[in-house]
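By convention in this document, chain letters (A, B, ...) are assigned in the order of the sequence lines, proteins followed by strands, and residues within each chain are numbered from 1. Computed from a predicted structure; not experimentally measured.
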2 protein chains.
Amino acid sequence: MGTTQLESVQEPKYWHLRTVLSEALDSDFAVGEILPNERDLAARFGVARATLRQALEQLELEGRLQRRRGVGTTVAPPRVGVAVSTAQHEWTGGVSGEAWQPVDCVSEVAPTAVAAMLRTGGEPVHVVRRIRVTHGQAVAAELLYVPASSVPDLSAIDAPSGPVRARSVMRELHRLGLEGQDRTVELGSARADDAKELDRLPGAPVLVVTTRYFASGGTAAVSVATYRADTCRLTFGDSGALEISHDEQQQERQAS
Amino acid sequence: MGTTQLESVQEPKYWHLRTVLSEALDSDFAVGEILPNERDLAARFGVARATLRQALEQLELEGRLQRRRGVGTTVAPPRVGVAVSTAQHEWTGGVSGEAWQPVDCVSEVAPTAVAAMLRTGGEPVHVVRRIRVTHGQAVAAELLYVPASSVPDLSAIDAPSGPVRARSVMRELHRLGLEGQDRTVELGSARADDAKELDRLPGAPVLVVTTRYFASGGTAAVSVATYRADTCRLTFGDSGALEISHDEQQQERQAS
DNA sequence: TAGTGGTCTAGACCACACT
DNA sequence: GTGTGGTCTAGACCACTAC
């Protein structure tokens with residue numbers, strides 16, 4: 001990409017740098033390719049490392065770059081579209097490796113916000129932890145809150161916790177026949193436990209999908225799923241995923 | 001909140017600071033209240049200003065804080081739920097002040113990614129710019145791409161551009177009778193023009209909602225809407241918005 | 001003009017992944 | 001070990017808002 005000189009403009013350096021790097025990524029780099037390290041890049045553009053990092057952070061937020069400590073900065077592949085809306089409750093997992101994988105299940109009191117949605121008081125609920133894997137990579141971590149009253153026939157013989165218990169809860173919930181869903185999406189930052197499952201650092205940007213599942217007039221369960229915001233594009237609606245990512249589009253109209 | 005001493009732990013200072021501040025926000029501050037300035041806060045916690053700012057950035061990303069240059073840092077109100085899925089095409093605006101407001105309309109070639117979705121080549125399309133206002137605040141900026149072939153009856157007498165033209169295009173599109181939609185959500189950063197409309201700085205985190213509108217078997221229009229990620233919670237589904245934000249929940253289980 | 005957050009610098013050290 | 005990105009510091013100046 002050569003030694004580029006930043007002309008003086010009334011625009012933050014890091015923002016201009018972001019644009020320059022973005023264009024360089026389009027023209028000079030292939031997906032997966034490793035960029036020069038931050039110290040070299042900073043020197044090449046004649047800025048402090050902190051400024052260079054600010055530009056890289058932007059590009060990472062936009063899903064263009066992937067940075068790993070001890071390894072380096074690589075060009076990220078286009079975001080993967082993950083369906084959120086339809087056929088969500090193939091609870092049992094569906095084809096192996098392409099859906100939700102139960103990890104654990106415990107019984108504890110739900111956080112008050114979830115308890116309010118479930119209309120339960122301090123009564124403990126089943127908390128199922130699941131991981132969503134796509135193309136061999138963990139893209140989401142979920143906590144599913146199921147009140148004991150929603151799954152009355154849950155066998156007491158099964159394991160009281162762990163993946164086996166998780167599958168039992170899912171099976172009972174499936175038998176219930178869910179009637180509808182209600183969903184919100186917002187930006188959040190990964191908690192330490194989610195970050196670990198998603199192979200990210202704590203505080204990494206995530207898309208938080210909160211789903212209410214309805215059955216027989218009430219809220220049967222609540223799910224809080226955190227998706228990696230850097231690698232995921234959530235898809236909704238009747239047809240399949242859009243085949244073109246927004247990033248490719250942003251590249252075109254870089255009004256900067 | 002008092003002068004707090006950061007005990008030495010194997011956890012980044014800014015992350016610990018984020019937790020401490022988050023708890024202080026819950027207990028000691030009301031919505032809209034102004035925090036001490038960054039230099040004071042940094043001194044109070046015995047860290048460099050850059051470190052303090054890293055913590056504030058996290059909290060702003062989570063929608064807990066709002067920072068404005070020249071003014072100060074205030075406690076943000078809970079995120080506002082904005083419906084994305086249903087009754088989206090009350091194209092004409094609906095109740096004044098509570099929906100989309102046409103701003104402008106021009107005719108130009110769509111960016112290639114959009115063109116690919118529309119199955120148009122280099123042929124120019126109508127580009128309608130709209131702003132979504134909720135509670136008196138701009139929460140989203142949209143570009144709606146409508147191929148000329150989708151609105152053949154568009155009067156050539158109307159203004160060739162501007163808000164009047166925008167309304168004409170919307171009206172014609174509405175007459176078409178849209179059959180379905182297809183939607184994706186992903187994280188992005190605000191371009192300069194969008195940032196200005198949303199009263200944010202360039203690069204601010206936004207939720208990018210890309211919608212395909214179908215009519216008579218083809219894609220009649222494509223919309224790219226950027227929502228303020230700090231203040232918005234996108235809602236989908238049959239029923240109304242969830243009345244409880246995820247943030248309140250995160251506050252509970254601060255595994256940190 | 002005073003005070004705020006936003007940008008930028010030039011260092012230092014640390015945690016982690018490879019070899 | 002060596003090299004990478006992640007954290008942190010102690011300054012400086014700028015852009016903006018409000019008085």
Undergrad: Would you call A/Glu142 and A/Arg132 a salt bridge, taking side-chain N to carboxylate O under 4.0 Å as the test?
TA: no
Undergrad: Is there a side-chain contact between B/Arg79 and A/Leu187 (heavy atoms, below 4.5 Å)?
TA: yes
Undergrad: Return the orientation label for the A/Phe236 and B/Phe236 ring planes: parallel under 30°, perpendicular over 60°, tilted otherwise.
TA: parallel
Undergrad: Tell me, please, the opening and closing nucleotides of DNA chain D, 5' to 3', among those with an atom under 4.0 angstrom from a non-hydrogen atom of chain A.
TA: D/dG3 to D/dA15
Undergrad: Is there any protein nitrogen or oxygen under 3.5 Å from a nitrogen or oxygen in nucleotides 1-4 of chain C, and what are the pairs?
TA:
from: C/dG3; atom 1: N2; to: B/Gly70; atom 2: O; distance (Å): 3.4
from: C/dT4; atom 1: OP1; to: B/Asn37; atom 2: ND2; distance (Å): 2.8
from: C/dT4; atom 1: OP2; to: B/Asn37; atom 2: ND2; distance (Å): 3.1
from: C/dT4; atom 1: O2; to: B/Gly70; atom 2: N; distance (Å): 3.1

Undergrad: Atom CE in B/Met117, atom OG in B/Ser223: separation rounded to 0.5 Å?
TA: 9.5 Å
Undergrad: Sequence neighbours left out, what passes salt bridge (Lys or Arg N to Asp or Glu O under 4.0 Å) with A/Glu60? Give chain and number order.
TA: A/Arg67, A/Arg200
Undergrad: Restricting to side chain to side chain contact (heavy atoms under 4.5 Å, CB included), what partner residues turn up for B/Ala141, sequence neighbours left out?
TA: B/Arg129, B/Ile131, B/Asp194, B/Glu197, B/Leu198, B/Thr226
Undergrad: Assess whether side chain to side chain contact (heavy atoms under 4.5 Å, CB included) is satisfied between B/Phe29 and B/Leu65, documenting all intermediate values.
TA: CA-CA 11 Å; B/Phe29 287 89; B/Leu65 291 179; over 6 Å; no
Undergrad: With side chains defined as the heavy atoms from C-beta onward, is the minimum distance between A/Gln58 and A/Arg64 less than 4.5 Å?
TA: no
Undergrad: Rounding to an integer number of Å, can you tell me how far A/Asp199 CG sits from C/dC16 P?
TA: 13 Å
Undergrad: In whole angstrom, give the distance that lies between atom NZ of A/Lys196 and atom C1' of C/dA15.
TA: 16 Å
Undergrad: Residues in side chain to side chain contact (heavy atoms under 4.5 Å, CB included) with B/Val106, at least two apart?
TA: B/Asp104, B/Glu108, B/Val127
Undergrad: Compare all side-chain heavy atoms of A/Leu21 with those of A/Leu59 and state whether any distance is below 4.5 angstrom.
TA: yes
Undergrad: Dot-bracket for DNA chain C, please, read 5' to 3', with Watson-Crick or G-U wobble pairs under 3.5 Å on both distances, ( ) within the strand, [ ] crossing, | other strand, . unpaired.
TA: ||||||||||||||||||.
